Structure formats: structure tokens, C-alpha cells
Amino acid sequence: MDRRGSDKYRSHPLHAANDAQKTLEPPSSAPLLSWYDRHHRDLPWRVSPSMAARGVRPDPYHIWLSEVMLQQTTVPAVKSYFAKFLERWPTVKALAEAPTDDVMAAWAGLGYYARARNLKKCAEAVARDHGGQFPDTEEVLKALPGIGDYTAAAVAAIAFDRPAAVMDGNVERVISRLYAISTPLPAAKPMMKAKVALLTPSERPGDFAQAMMDLGATICTPKRPACSLCPFRDNCVALRLHDPEHFPVKAAKKDRPVRHGAAFIAVNEAGEMLLRRRIDSGLLGGMTEVPTTGWTARIDGDATAGAAPFAADWQTCGIVVHVFTHFELRLAIFRAAIVGRPCADDGWWEPVTNLEAQALPTVMKKAIAQAIPRAFNQ
DNA sequence: GAGCCGTGGAC
DNA sequence: TGTCCAAGGCT
């Protein structure tokens, strides 16, 4: 058990780290900012250096929206969603007035759907309590739904040029290597945040924060970091120890259990599919689903017949496997041709041609595609 | 503090 | 193929 990541606990000579540190100059923000000016990435939510030089500041709404989307999500995955949201809801006020179901449907596929629910709540709070203007301090930002330590600091620094200590997974990796911190995460976070605070300059704190994250994303990568290109190469204790990949040390992860369930794709003679809305809390909260069993039981033929939303000629369509963060789901898929609209009180019958507009999470799209291969465009 | 909460890409 | 992980927040 605990095979995942357990080797991260392999021992490391602390005395060597201390000895190496004595021979290194402490890092400063200047080389990093210089590197950032030379390697700036053009991202949709950023203000270009030339515009910034003319005093143009980023739109706080854009920064906030991008930062929420980027929580535990990669830049390539976010880009199209960011463009879609800005086109549809150009201002925080527009987002505040949008129907929640529209926001959930637009978010479908990005994952961590509590972010979408909180995004809407946050927009409403900004419109209602702050006159449609985002607050410009960490403390007030953090009081808003979906804004925690990281996002509050990031918005304060990037949008408002506040000297906030921004720490995400990238910065944790950079800092842990710079100082060869052997305390495992997450226990080491307070120590790391203190290091970041000392390193954060009063000039260009927003650029510094983005530079630290860019450095972690492109140079100080988890595997095979490009240390020879790093502006901190002469200050990095982990590099001096010839083992940057050893850091950050993390607590071992737990095994991922397997859960079983069944999903039922019912289509009537009018080309409509039975859908339901999940409760607002918990897994896939507030999102749309096809009828399913609970996701704990082991499914066999007898249990499946009783678990269907209504009696019908259910045909088996095989198994869909979907991996969530903390468990793996194996979903038995069943399909039936229905006459009329049974169970309409428990959900609704949606034209199959309109499935793209629904708030269907990826696991549900996979289940539907298993039963009806042409339900979605690829 | 630790568990819960998605997804897709890289290796 | 399995494993890790990506600009975390909430409870």
C-alpha cells in the first residue's frame, strides 16, 4: 500500500544542504525580472510588456477569471474557456446577471465544478457589495467565494501591483529547490511562503509573481529542469547538491479505490434523452447527468434491472472507465428505446441534438457516447 | 490537517 | 499502462 510517491521520502543529507548554502549568495528578484523581460509569454489574460510600459494595467476581471480557471488546470486547457467566457460575459456585472445553469454549461469539461458555482457567487458579490469593482487588497479579495490564499495574492499582485506573496505549485517547487527544503509538503508551506515574502520586491511585484510561476512552468520543471538556463542557477542549493528533482519533498499519496455503478441512456421516439440535475453539493455538484445508480455497489445483471429509472428493454453497451481525483469509476452503460416521457417529474427529456448545450461533465459525455457514438461531434 | 473535488496531457 | 501533475479552495 501507499506505493504512490512513497519514494519521495528517501533521506537526504541535511548537513550537505547547510554546507552548500554557506557558499551561495542569497537569491534576489532582479535576475528573475530580467529573465522575465526576455522570456515573457504572450497569454490572453496578460498585458504585453509594451503596453505595460505605457502604464496599461490588466483588467482585474480578466485576471480573476483566468486565475480561477487556472486553479489546478493547465494553460492550454484554459485558453478556449477564457475566450468563450469573455465573449459571452464581457464584464463581471454581465457574469453576475447570467443564469447559473448557463455558467455551469459553459464550464462543462473544465472540472472542479465548485469553481463555477463560486465564480458566479463571487461575481454577484463583486457586483452587489463592491459596485462592480474588484477589491484591491488580499484581505478583502480572500473574503470572496472561491478566492483563497493563492488567488487573493495573485489578483492583488498582478491586477493591482500589490507586493503580495504569491505561492502556487510552481513557486513551491522553485522555492523548495532554491533553499533545498527537506520538510515535506504541505507542512513546509508556511516556511516557503515566508521565503517568497522576503524575495518579493516592492517594484513590479505582479511581474515577479508571474515570473516565478513562468520559471516553474518552463525552467524549474518537476522532471528534468533546465537548470543551465535558470536565472537562479548560481543561488540554488538543490542544484549545488546535484539533485534538484529531489525537491519538493511531498507526503506519500494514497491508493485510488475503484467504485462501480451503472448509467442508463434512454431515448424516446421523438429523439429525446432523459436527463437529470445533480444536487448542488459534492461530486459534479449542480451538473447534468443521465440516470445512474450510486457509485459504490458492485453491479451485476440482477442489480442492474432494479436500479434502472423505469422498466424497459435495457441493452448493455459495455463499460466506461473514468478516473476522478480520489477514485476510479467503472460505469456499466445501458441503452433503451422508450415510448413517451416516463420519469419526466424526476428530470427532463432533452432533444439529443441539443446535448452540446447541456452542463454535462466529461464522464457523462463518455457514458452517452458509449451508448450513442454519434451523440457528440467527436 | 486531511479528505474531497475533474480533466487531459506528458512521460 | 500506469503515474504524476497543473496558476487551489472548501470543509
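A note on names: the letters A, B, ... follow the listed sequences, proteins ahead of strands, and every chain is numbered from 1. The structure displayed is predicted, hence computed values, not measured ones.
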Looking at A:Glu289 and A:Arg276, is there a salt bridge between them, counting it only when a charged N and a carboxylate O are closer than 4.0 Å?
no

Using a heavy-atom cut-off of 4.0 Å across all strands, would you classify A:Arg117 as base, sugar-phosphate, or nothing?
nothing

Is A:Tyr61 close to A:Val126 at the side-chain level, that is, under 4.5 Å between some pair of heavy atoms?
no

Considering only distance and modelled atom types, tabulate donor-acceptor pairs under 3.5 Å from the side chains of residues 75-82 of chain A, sequence neighbours left out.
residue: A:Tyr81; atom: OH; partner: A:Ala108; partner atom: O; Å: 2.8

Can you pull the side chain to side chain donor-acceptor pair (under 3.5 Å) pairs that have at least one residue in residues 350-364 of chain A, sequence neighbours excluded?
A:Trp348-A:Glu350, A:Glu350-A:Asn354, A:Glu350-A:Gln358

Decide yes or no for A:Tyr179 and A:Ile175: does some side-chain heavy atom of the first lie under 4.5 Å from some side-chain heavy atom of the second?
yes

Counting only side-chain heavy atoms from C-beta out, which of B:dC5, B:dT7, C:dC5 sits nearest to A:Phe324?
B:dT7

Return the value, rounded to whole Å, for the distance between atom CG of A:Leu70 and atom P of B:dT7.
17 Å

So, do A:Phe324 and A:His326 have ring centers that fall under 6.0 Å from each other?
no

Can you check nucleotides 8-11 of chain B for protein contacts, nitrogen or oxygen pairs under 3.5 Å, and list what you find?
none

Mind jotting down which residue pairs meet the salt bridge (Lys or Arg N to Asp or Glu O under 4.0 Å) criterion with at least one end in residues 90-114 of chain A? Sequence neighbours excluded, please.
A:Arg88-A:Asp102, A:Lys93-A:Glu97, A:Asp101-A:Arg277

What is the distance from CZ of A:Phe327 to P of B:dC4, rounded to the nearest Å?
10 Å

Using whole Å, report how far CG of A:Leu185 lies from C1' of B:dG1.
14 Å

Heteroatom pairs (N/O) under 3.5 angstrom, protein to nucleotides 9-11 of chain C:
residue: C:dG9; atom: OP1; partner: A:Gly148; partner atom: N; Å: 3.0
residue: C:dG9; atom: OP1; partner: A:Thr151; partner atom: N; Å: 2.9
residue: C:dG9; atom: OP1; partner: A:Thr151; partner atom: OG1; Å: 2.6
residue: C:dG9; atom: OP2; partner: A:Asp149; partner atom: N; Å: 3.4
residue: C:dG9; atom: OP2; partner: A:Tyr150; partner atom: N; Å: 3.1
residue: C:dC10; atom: OP1; partner: A:Gly146; partner atom: N; Å: 2.7

Protein-nucleotide distance (A:Arg259, atom CZ; B:dC4, atom P), rounded to Å
7 Å

Length of the CG-P vector between A:Leu284 and B:dC4, whole Å
15 Å

Check the phosphate of B:dC4 against A:His326, side-chain N and O only, distance under 4.0 Å to OP1 or OP2. Yes or no?
no

Give one of base, sugar-phosphate or nothing for A:Val166, where a contact means two heavy atoms less than 4.0 Å apart.
nothing

Does A:Lys253 put a side-chain nitrogen or oxygen below 4.0 Å from OP1 or OP2 of C:dT3?
no

Pairing residues for A:Ala94 by the side-chain contact (heavy atoms from CB on, under 4.5 Å) criterion, not counting sequence neighbours
A:Trp89, A:Pro90, A:Thr91

Only pairs under 3.5 Å count here: list side-chain donor-acceptor contacts from residues 38-45 of chain A, not counting sequence neighbours, and write none if there are none.
residue: A:Arg38; atom: NE; partner: A:Ser34; partner atom: O; Å: 3.3
residue: A:Arg38; atom: NH2; partner: A:Ser34; partner atom: OG; Å: 3.4
residue: A:Arg41; atom: NH2; partner: A:Asp214; partner atom: OD1; Å: 3.1

Which part of the nucleic acid, if any, lies within reach of A:Trp45 when heavy atoms closer than 4.0 Å are counted: base, sugar-phosphate only, or nothing?
base

Is the phosphate of C:dT3, meaning OP1 or OP2, less than 4.0 Å from a side-chain N or O of A:Arg256?
no

Can you measure A:Leu43 atom CG to C:dA6 atom P for me and round it to whole angstrom units?
17 Å

Please measure how far the P atom in C:dT11 lies from the corresponding atom in B:dG6, and state the result in whole Å.
14 Å

Assign each of A:Pro186 and A:Arg115 the nucleotide of DNA chain B bearing its closest heavy atom; nearer the 5' end lies the nucleotide of A:Pro186

Listed once per pair and sorted, the ring-ring contact (aromatic ring centres under 6.0 Å, His included) pairs that draw on residues 128-177 of chain A, sequence neighbours left out:
A:Trp64-A:Phe134

Looking at every strand, decide which applies to A:Arg41 at a 4.0 Å heavy-atom threshold: base, sugar-phosphate, or nothing.
base

May I ask you to say what A:Pro76 touches in the nucleic acid, namely base, sugar-phosphate or nothing, with a heavy-atom cut-off under 4.0 Å?
nothing

Between C1' of B:dC4 and CD of A:Gln72, the distance in whole Å:
13 Å

Is A:Leu110 touching bases, backbone alone, or none of the nucleic acid, heavy atoms closer than 4.0 Å?
base

Quick one: list whatever passes side-chain hydrogen bond (donor to acceptor under 3.5 Å, both in side chains) with A:Arg341, sequence neighbours left out.
A:Glu272

Hey, does A:Ile63 reach any base, or is it just sugar-phosphate, or nothing, if we go heavy atoms under 4.0 Å?
nothing

Given atom CE of A:Met364 and atom C1' of B:dG6, what is their separation to the nearest angstrom?
12 Å

